[in-house]
**Q** 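Please see the structure below; I have some questions.
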Amino acid sequence: MWPSGFGTVASALVRVLILGGTGESRELAKLLVDRGVAVTSSLAGRVSNPALPVGDVRVGGFGGAQGLGDYLRESSVDVLIDATHPFAATISAHAAQAADETRTRLIAVRRPAWQAARGDNWQRVETINDAAAVVRARPQGTVLLTTGRRDLAAFAEDEAHDYLVRTVEPPLPPTPPRMTLVLDRGPYTLDGELALMRSHNVRVLVTKDSGGDLTSAKLAAARELGMPVVMVDRPALPSGVTAVEDVATVLTLLSDGSQ
Ligand code: NAP
């Protein structure tokens, strides 16, 4: 049980593991470290030059739910915070299982999904393969693909479209045969997104519903250009897990010991 409030003595007794790789996880690490909480942030190690949170950081997989459970026990973790990306479904499932098996308190935080606004022309699909099928059925023209480097295989058989692919790290094959690659990690601006879309004559945007402000300028740009968007819905949260929407709510839960 979390000690009441964030008093220095009580906070120092609590060990928190944050599963990270997001802006929210870094914000949370800073806020908790500032309050004297013993925080370790965990990164998968996918990105070569990651933005590092303050406080202790460990990098690399745990070895499945079992490995994460062992880590929770061996490190005497009191609270596990799943602040991973909405599409990082495997680690979230492992977090739920490991927390359950070790009786560790779990708090999951997920930023809200994006919502279509007036003037948007979105088609929501459930999976990346569904998105690829939608694109294949479209007339020729350039597709802006921002779904991440590990989701390119679904488009690799498409000989008909040009793909403008934007990723943080260079992708590994299979990739679309007619691909122009842009390496960038944002945050992005409306002007920048408009310039990119116009200069490459983009006809459709394919994106995952990551949510948040850092990468949402592409949606405003698509709206301004009257461009259709294929939006891949988020995977479901693990069974039995409910998520809060922001870091402030996580702090409130930790402070009052609720949930
Ligand atoms: P994933 O598919 O859910 O997880 C695959 C495996 O990577 C997990 O089983 C785990 O390995 C390891 N892993 C993932 N996140 C970890 C973490 N924070 N700390 C330690 N190990 C972790 O994850 P993903 O989609 O590849 O995402 C990897 C990381 O990138 C996450 O931390 C996520 O927050 C961040 N990220 C993902 C996306 C995205 O679109 N998926 C976007 C931005 C940032 P073991 O089973 O060995 O423990």
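All figures in this text were calculated on a predicted structure; none of them were measured in a lab.
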**Q** Say whether, by atom type as modelled, one donor and one acceptor occur between the side chain of Arg149 and the main chain of Leu172 under 3.5 angstrom.
**A**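 It does not hold such a pair.
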
**Q** Could you pull out all residues at least two apart from Gln97 that satisfy side-chain hydrogen bond (donor to acceptor under 3.5 Å, both in side chains)?
**A**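 Gln97 satisfies side-chain hydrogen bond (donor to acceptor under 3.5 Å, both in side chains) with Glu101 once adjacent residues are dropped.
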
**Q** Do the side chain of Arg138 and the main chain of Val134 share a donor and acceptor less than 3.5 angstrom apart?
**A**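 No; zero donor-acceptor contacts below 3.5 Å.
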
**Q** Return the CG to CD distance between Leu144 and Glu193, rounded to the nearest 0.5 Å.
**A**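 Atom-to-atom, Leu144:CG and Glu193:CD are 7.5 Å apart.
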
**Q** Quick check for you: to the nearest 0.5 Å, what is the distance between Ser41 atom OG and Arg26 atom CZ?
**A**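 With rounding to 0.5 Å, OG (Ser41) is 9.5 Å from CZ (Arg26).
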
**Q** Please tell me if the side chains of Leu68 and Leu17 come closer than 4.5 Å, counting only heavy atoms from C-beta onward.
**A**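 Leu68 reaches Leu17 side chain to side chain.
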
**Q** Below 4.5 Å, heavy atoms only, C-beta onward: do Leu219 and Met231 meet side chain to side chain?
**A**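 Side chain of Leu219 against side chain of Met231, heavy atoms only: contact under 4.5 Å found.
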
**Q** Is there a side-chain contact between Asp213 and Arg111, using heavy atoms and a 4.5 Å cut-off?
**A**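 Of all side-chain heavy-atom pairs linking Arg111 with Asp213, none is under 4.5 Å.
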
**Q** Please step through salt bridge (charged side-chain N to carboxylate O under 4.0 Å, His left out) for the pair Asp158 and Arg178, ending with a clear verdict.
**A** CA-CA 8 Å; Asp158 184 359; Arg178 291 161 55 181; over 6 Å; no

**Q** Please answer whether the main-chain N or O of Ala89 pairs with a side-chain N or O of Ser92 as donor and acceptor at a distance below 3.5 Å.
**A**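 A pair under 3.5 Å: no.
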
**Q** To the nearest 0.5 angstrom, please state how far the CG atom of Leu28 sits from the CG atom of Leu251.
**A**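 That separation rounds to 6.0 Å.
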
**Q** Considering residues, nucleotides and ligands other than Glu126, do more than 12 of their heavy atoms fall under 6.0 Å from its CD?
**A**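 No - once you tally the heavy atoms of other residues, nucleotides and ligands closer than 6.0 Å, there are 12 at most.
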
**Q** Which distance, rounded to the nearest 0.5 Å, do you find between the CG of Leu205 and the NZ of Lys218?
**A**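 Separation between the atoms: 6.0 Å.
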
**Q** State, to 0.1 Å, how close Asn201 and Thr142 come at their nearest heavy-atom pair, and which atoms those are.
**A**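 Of all heavy-atom pairs spanning Asn201 and Thr142, the closest is O-CB, 3.7 Å.
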
**Q** Quick one: side-chain hydrogen bond (donor to acceptor under 3.5 Å, both in side chains) partners of Asp246, sequence neighbours excluded?
**A**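 Testing Asp246 for side-chain hydrogen bond (donor to acceptor under 3.5 Å, both in side chains), a comparison that skips the adjacent residues, returns Thr249.
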
**Q** Does Glu169 reach the main-chain N or O of Ser48 with its side chain, forming a donor-acceptor pair under 3.5 Å?
**A**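 Yes, Glu169 side chain to Ser48 backbone: donor-acceptor pair under 3.5 Å.
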
**Q** On the six-membered ring of Tyr71, is Arg58 placed so that its NZ or CZ lies under 6.0 angstrom from the centre and within 45° of the ring axis?
**A**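 Relative to the ring axis of Tyr71, which defines the angle, Arg58 lies inside both limits.
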
**Q** I'd like to know if the side chain of Arg105 reaches the main chain of Asp78, judged simply by a donor and an acceptor atom lying under 3.5 Å from each other, with no hydrogens or angles considered.
**A**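 Not confirmed, Arg105 side chain does not pair with Asp78 backbone.
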
**Q** Does the distance from a Lys or Arg side-chain N to an Asp or Glu carboxylate O, for Asp120 and Arg223, drop under 4.0 Å?
**A**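 Yes, charged N to carboxylate O under 4.0 Å.
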
**Q** So do Leu32 and Ile81 actually touch side chain to side chain, heavy atoms under 4.5 Å?
**A**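 Yes, side chains in contact.
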
**Q** At what distance, to the nearest 0.5 angstrom, does NE2 of His85 lie from NZ of Lys208?
**A**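 Rounded to the nearest 0.5 Å, the NE2-NZ separation comes out at 6.0 Å.
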
**Q** Between Asp209 and Pro86, is there a side-chain heavy-atom distance shorter than 4.5 Å?
**A**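 Result no, sub-4.5 Å side-chain heavy-atom pair not found.
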
**Q** I'd like to check Leu145 versus Leu152 (side-chain heavy atoms, cut-off strictly below 4.5 Å). Are they in contact?
**A**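 Heavy-atom side-chain distance check passes, below 4.5 Å.
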
**Q** If you take all heavy atoms of Ile18 and Ala83, which pair is closest and at what distance?
**A**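 The answer is CG2-CB, 4.1 Å.
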
**Q** Any donor and acceptor pair, going by atom type alone, linking the side chain of Trp122 with main-chain N or O of Val230 inside 3.5 Å?
**A**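 Not a single qualifying donor-acceptor pair exists.
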
**Q** So, do Thr167 and Leu181 sit near enough that their side-chain heavy atoms are less than 4.5 Å apart?
**A**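 Heavy-atom side-chain distance check passes, below 4.5 Å.
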
**Q** May I ask whether Leu225 and Val206 are part of the same hydrophobic cluster, defined by side-chain heavy atoms of I, L, V, M, F, W, Y residues being less than 4.5 angstrom apart, directly or through others?
**A**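 No, no single cluster joins them.
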
**Q** Looking only at atom types and distance, does a side-chain atom of His161 sit under 3.5 Å from a main-chain N or O of Val135, one as donor and one as acceptor?
**A**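 Yes, because the side chain of His161 sits within donor-acceptor range (under 3.5 Å) of the backbone of Val135.
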
**Q** Check whether any side-chain heavy atom of Phe87 sits under 4.5 Å from a side-chain heavy atom of Ile128, and report yes or no.
**A**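 A side-chain contact under 4.5 Å is absent here.
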
**Q** Restricting to non-hydrogen atoms, name the atom on Ala99 and the atom on Leu72 that form the minimum distance, rounded to 0.1 Å.
**A**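 For Ala99 and Leu72, the tightest heavy-atom pair comes out as N-CD1, 4.3 Å.
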
**Q** So, taking the atom named CG in Leu80 and the one named OG in Ser75, what distance separates them when rounded to the nearest 0.5 Å?
**A**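 Here the interatomic distance stands at 11.5 Å.
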
**Q** For a quick test of reading the model, state the closest non-hydrogen atom pair linking Arg110 to Arg234 and the distance between them.
**A**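 Smallest interatomic distance, heavy atoms only, reads CB-NH1, 4.4 Å.
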
**Q** Does a side-chain N-to-carboxylate-O contact under 4.0 Å join Arg124 and Asp233?
**A**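 Salt bridge flag = yes for Asp233 with Arg124.
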
**Q** Under the rule for side-chain hydrogen bond (donor to acceptor under 3.5 Å, both in side chains), what residues qualify as partners of Asn121, not counting sequence neighbours?
**A**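 Partners of Asn121 by the side-chain hydrogen bond (donor to acceptor under 3.5 Å, both in side chains) criterion come out as none, since no residue qualifies.
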
